[in-house]
Amino acid sequence: FILTGYANQAELTYNGILANIDYNFATPFLGAESIIGLSVDYQYLDTLSTRSGAGAAANTAGQIGSSQHKALAQLT
């Protein structure tokens with residue numbers, strides 16, 4: 001018999017705030033049942049750390065590709 005084993009020893013830690021606001025309003029001047037929607041998403045990233053095995057944790061919050069403040073607004 002062949003016996004194989006696998007153990008996932010990686011760890012990911014996330015601390016932050018996620019917020020979402022959606023607002024829809026009627027626009028009868030564009031058509032009988034038309035609606036315009038506004039959506040805003042926000043993320044504040046306080047801690048994002050990874051650790052693999054017994055190594056030291058690496059905090060990547062605020063570094064390139066992991067900015068601490070992210071926002072997205074959509075108008076539909």
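What you see below is based on every heavy atom in this structure, not just the backbone, and it leaves out hydrogens, waters and symmetry mates. Just so you know, residue 1 is the first one in the sequence shown, and it goes up from there.
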Participant: Out of T76, I21, N20, which one pairs with S39 under the side-chain contact (heavy atoms from CB on, under 4.5 Å) rule?
Facilitator: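 Among the candidates, only N20 passes.
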
Participant: Any chance you could lay out the side-chain contact (heavy atoms from CB on, under 4.5 Å) test for N15 and L48, step after step, and finish with the verdict?
Facilitator: CA-CA 7 Å; N15 290 320; L48 180 62; over 6 Å; no

Participant: What donor-acceptor contacts under 3.5 angstrom involve side-chain atoms of residues 23-33, with partners at least two apart or in another chain?
Facilitator:
unit_1, atom_1, unit_2, atom_2, d
T27, OG1, S34, O, 3.4
T27, OG1, S34, OG, 2.7

Participant: Indicate the atoms forming the closest heavy-atom contact of Q43 with L18, along with that distance.
Facilitator: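 Closest approach of Q43 to L18, heavy atoms only: CG-CD2, 3.6 Å.
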
Participant: Clusters formed by hydrophobic residues whose side-chain heavy atoms approach within less than 4.5 Å: which one holds Y44, and what are its other members?
Facilitator: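 So far as hydrophobic clustering goes, Y44 is joined with I17, Y42.
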
Participant: Could you check if a side-chain atom of L72 sits within less than 4.5 angstrom of a side-chain atom of V40, using non-hydrogen atoms only?
Facilitator: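 Side chain of L72 against side chain of V40, heavy atoms only: no contact under 4.5 Å found.
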
Participant: When rounded to the nearest 0.5 angstrom, what distance separates CG in D41 from CD in Q74?
Facilitator: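 Rounded to the nearest 0.5 Å, the CG-CD separation comes to 6.5 Å.
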
